[in-house]
Structures are given as C-alpha cells and as structure tokens.
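Since the structure is predicted, the reported quantities are computational estimates derived from the model, not experimental observations. Count residues from 1 along the sequence. Ligands are counted one by one from 1 in listed order, and the atoms in each one are counted from 1 as well.
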Amino acid sequence: MKLEEKTIDYKKVLTTIYHNVVSEENKGAIATYIPELAKVDADNFGVCLLTMNNEQFGVGNWQTKFSIQSISKVLSLSLAYQIFGDEIWKRVDVEPSGTPFNSLVQLESDFGIPRNPFMNSGAMVICDMLVSHYENPKEDFLAAVRELCKSSDISYSEAVAKSEASVGYRNKALCNFIKSFGNIKNEPEEVLGFYFHMCSIEMSCQELSQVFMYLANPNFTTSTGDNVLNLSKTKRINAIMQTCGFYDESGEFSFRVGLPGKSGVGGGIVAVYPGKYCIAAWSPKLNEKGNSYRGMKFLEAFTTETEESIF
Ligand code: GLN
C-alpha cells in the first residue's frame with residue numbers, strides 16, 4: 001500500500017516524544033560490567049535526526065559524547081565488506097542467534113563460525129580480518145571512521161578500552177575459543193586489543209547520525225567522492241542490522257520500531273530509514289537484553305507517530 005507523502009514537523013514530533021519519555025520512569029540499569037561505563041550519569045538522554053535533505057534536529061544531550069560500544073561493529077563490518085567483499089561470509093554467518101551478545105554456546109556446534117557479525121564472537125572475527133589487512137589497525141580504523149563522519153574530532157577512550165580489557169574474561173575466552181577452530185588468524189591478544197579500542201570509540205548522537213548516513217543515503221560519498229558501499233552491499237548491511245542488531249531482542253526491535261538499527265551497551269542506538277533519514281538516540285540505562293530502555297521507547301514512539309517505518 002502506497003501512502004500519500006506527507007510533510008512531517010520533525011522538530012515538533014521529536015520534542016513532544018522526548019518530553020513524554022522523560023516524564024516517565026527511567027527504567028533499567030547502566031552497564032556496570034565495564035567499570036568505566038558505570039561512571040556515566042544515568043539521566044543523560046539525547047536524540048538526533050538527520051534527513052536525506054541534510055536537515056538536522058536534536059533534543060536533550062544530543063551533542064554529548066558517549067561510548068558507542070557495539071554500534072562500532074557496523075562500521076568494522078562495513079569496512080571489512082568493502083575490503084574483502086563476499087569472502088567475509090565464509091568466516092561469519094548472517095543468521096540471528098537468539099542469544100545474548102557475549103554468548104559462547106553456539107560456537108562449539110558451529111565449529112567456530114559465529115552466527116552473525118554483531119555478536120561479540122562475529123565482531124572479533126571481523127576485527128581479525130582488519131588486523132590482517134591494516135598496517136596500523138587502530139590508527140587506520142579510526143581514520144576511516146573520521147572520514148565517514150567528515151570530522152577529525154572522533155577518538156578512542158583509552159580509559160574505557162583499558163577498563164574493558166581489565167575485566168574482559170569472557171571476550172578473551174571467546175577469542176581464544178574461535179582461535180582454537182582456526183577462525184582467528186592473528187594472536188588473540190592483538191585482536192582483543194583492537195576490539196576493545198573499537199568498542200571504546202566515543203561519539204555524540206549528532207556524530208552518530210552523520211556517520212551512519214552512508215547506510216541511509218544512496219548518494220552518500222566520502223570527501224574523496226567515493227561511495228562507502230555499493231547499493232547491494234548497503235542493502236545487506238541494513239538487512240543484518242534488521243535481523244541481528246539487537247541480539248536476542250532483534251525481533252522485538254523490528255516489531256516495535258520497524259527500522260534497521262544497532263545498539264551498544266553504552267546506551268546508544270542508531271537506526272536508519274534507507275532513502276529518508278538516520279536517527280541516533282542515547283540513554284545509558286539498559287533493559288535486560290542490554291539495549292537502551294529510553295532509546296527503544298523513543299524510537300518506537302517516533303516511527304509510530306510519524307508512520308515512517310520500512311514496513
Ligand atoms: N564491548 C562490549 C563487550 O564486548 C560490547 C557489547 C555491546 O555493546 N553489546 O561486551
């Protein structure tokens with residue numbers, strides 16, 4: 001069914017929903033398993049919408065930087081896809097796992113092939129590919145992300161990376177386990193060092209919505225005039241975000257919000273409406289599945305109110 005195009009007053013919609021969500025209880029809990037993340041003020045809440053016409057609307061703490069954590073896995077996947085093409089699918093699958101992001105259980109029966117690139121296991125295999133490819137993985141990856149954002153003001157948080165490394169027993173187990181199947185080529189220590197840094201990247205909602213425009217805008221080009229991914233590859237990344245972006249809550253996010261998206265335990269969520277806009281939300285308190293409580297609530301109200309969803 002083709003609905004009539006209508007003009008939406010995005011500023012008004014964003015402001016109204018923002019105030020509604022803020023007036024309700026802020027449920028959930030901050031991720032404390034990474035000690036450094038526990039220091040963040042739980043009441044932070046920001047949203048930024050960036051449209052195809054380059055109109056930008058922000059509310060709340062939309063310009064405050066936070067730890068993007070697993071949202072970075074979309075960026076590493078996109079770069080690996082750009083570099084290696086379809087070869088990457090030999091080492092990581094594209095199936096929803098139905099398990100938490102840090103699960104080990106399916107790896108044994110799947111012979112070290114992670115179910116998808118957004119679980120920690122899959123992201124580590126992607127990191128391993130980038131470690132093999134780049135001369136200086138940390139520097140080169142950051143340069144690529146800055147290029148996407150068209151800003152040099154994007155950095156790792158050494159404090160967060162160090163904090164996660166100091167308690168990352170499960171991630172170390174995951175990486176070593178995959179290595180035992182031969183699906184990690186480099187030394188686990190090096191891959192994990194890169195992985196922890198990648199997850200520690202800090203961005204604001206404003207920057208996130210800018211960075212992820214390459215998945216929303218088919219005409220997006222970098223400063224050198226190149227596409228990041230062609231349309232077919234863009235479709236595939238969006239499809240994996242749709243089916244796997246929220247771990248064992250991916251179905252729920254699709255059901256409630258109806259957009260491809262990705263969350264991180266820092267409380268960030270980015271979602272794209274291909275051909276229309278990119279939206280980023282941040283609120284640090286997470287639900288039991290590790291996804292931002294207020295972020296999900298906001299996005300559900302946003303797509304419902306605007307009647308803009310890919311479904
Ligand atoms: N760095 C985090 C971890 O490995 C990323 C998890 C997430 O954001 N879901 O546990």
Peer 1: Taking only heavy atoms of Tyr247, which atoms of ligand 1 are found under 4.0 Å from at least one of them?
Peer 2: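 Answer, ordered by atom number: 7 (C), 9 (N).
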
Peer 1: Could you tell me the residue and atom name of the protein heavy atom closest to atom 3 (C) of ligand 1, and the distance to it rounded to 0.1 Å?
Peer 2: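 Scanning the protein heavy atoms, the shortest distance from atom 3 (C) of ligand 1 goes to Glu164 OE2, 3.0 Å.
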
Peer 1: Would you give the length of the straight line joining atom NZ of Lys289 to atom CG of Asn287, rounded to the nearest 0.5 angstrom?
Peer 2: 8.5 Å

Peer 1: Distance under 6.0 Å and angle within 45° of the ring axis: does Lys150 meet both against Phe220?
Peer 2: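 Lys150 over Phe220 ring: yes.
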
Peer 1: Short list, please: which atoms of ligand 1 are under 4.0 Å from a heavy atom of Cys199?
Peer 2: 1 (N)

Peer 1: Looking at ligand 1, would Tyr33 count as a contact under a 4.0 Å heavy-atom criterion?
Peer 2: yes

Peer 1: With the threshold set at under 4.0 angstrom, would you say Asn120 reaches ligand 1 through any of its heavy atoms?
Peer 2: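 Distance cut 4.0 Å: Asn120 passes for ligand 1.
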
Peer 1: Considering only non-hydrogen protein atoms, determine which one is nearest to atom 4 (O) of ligand 1 and report residue, atom name and distance to 0.1 Å.
Peer 2: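 Result for atom 4 (O) of ligand 1: Tyr195 OH, 2.7 Å.
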
Peer 1: Give the intermediate values and the outcome of side chain to side chain donor-acceptor pair (under 3.5 Å) for residues Ser151 and Asp153.
Peer 2: CA-CA 5 Å; Ser151 159; Asp153 187 30; 5.2 Å; no

Peer 1: In terms of side-chain heavy atoms, does Gln206 have a donor or acceptor partner in Ser204 at a distance below 3.5 Å?
Peer 2: no

Peer 1: Could you walk me through whether Thr51 and Tyr10 pass side chain to side chain donor-acceptor pair (under 3.5 Å), step by step?
Peer 2: CA-CA 10 Å; Thr51 70; Tyr10 283 123; over 6 Å; no

Peer 1: Which protein non-hydrogen atom lies closest to atom 1 (N) of ligand 1, naming both residue and atom, and how far is it?
Peer 2: Gln69 OE1, 2.6 Å

Peer 1: Would a distance-only check, ignoring hydrogens and angles, find a side-chain to backbone donor-acceptor pair under 3.5 Å from Gln82 to Val228?
Peer 2: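 Present.
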
Peer 1: Mind checking whether Gly264 has an N or O less than 3.5 Å away from an N or O of ligand 1?
Peer 2: no

Peer 1: Where's the contact between Asn171 and ligand 1, heavy-atom distance under 4.0 Å: side chain, backbone, both or neither?
Peer 2: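 Within the 4.0 Å criterion, Asn171 contacts ligand 1 through side-chain atoms alone.
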
Peer 1: Starting from atom 9 (N) of ligand 1, which protein heavy atom do you reach first, and at what distance in Å?
Peer 2: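 For atom 9 (N) of ligand 1, the nearest protein heavy atom comes out as Ser70 OG, 3.0 Å.
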
Peer 1: Is there at least one pair of N or O atoms, one from Lys73 and one from ligand 1, spaced under 3.5 Å apart?
Peer 2: no

Peer 1: Can Glu300 and Lys297 be counted as an ion pair, charged N to O under 4.0 angstrom?
Peer 2: no

Peer 1: Fit a plane to each ring of Phe181 and Phe177, take the angle between them on a 0 to 90° scale, and name the class: parallel (under 30°), tilted (30 to 60°) or perpendicular (over 60°).
Peer 2: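 The arrangement is perpendicular - the two ring planes meet at more than 60°.
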
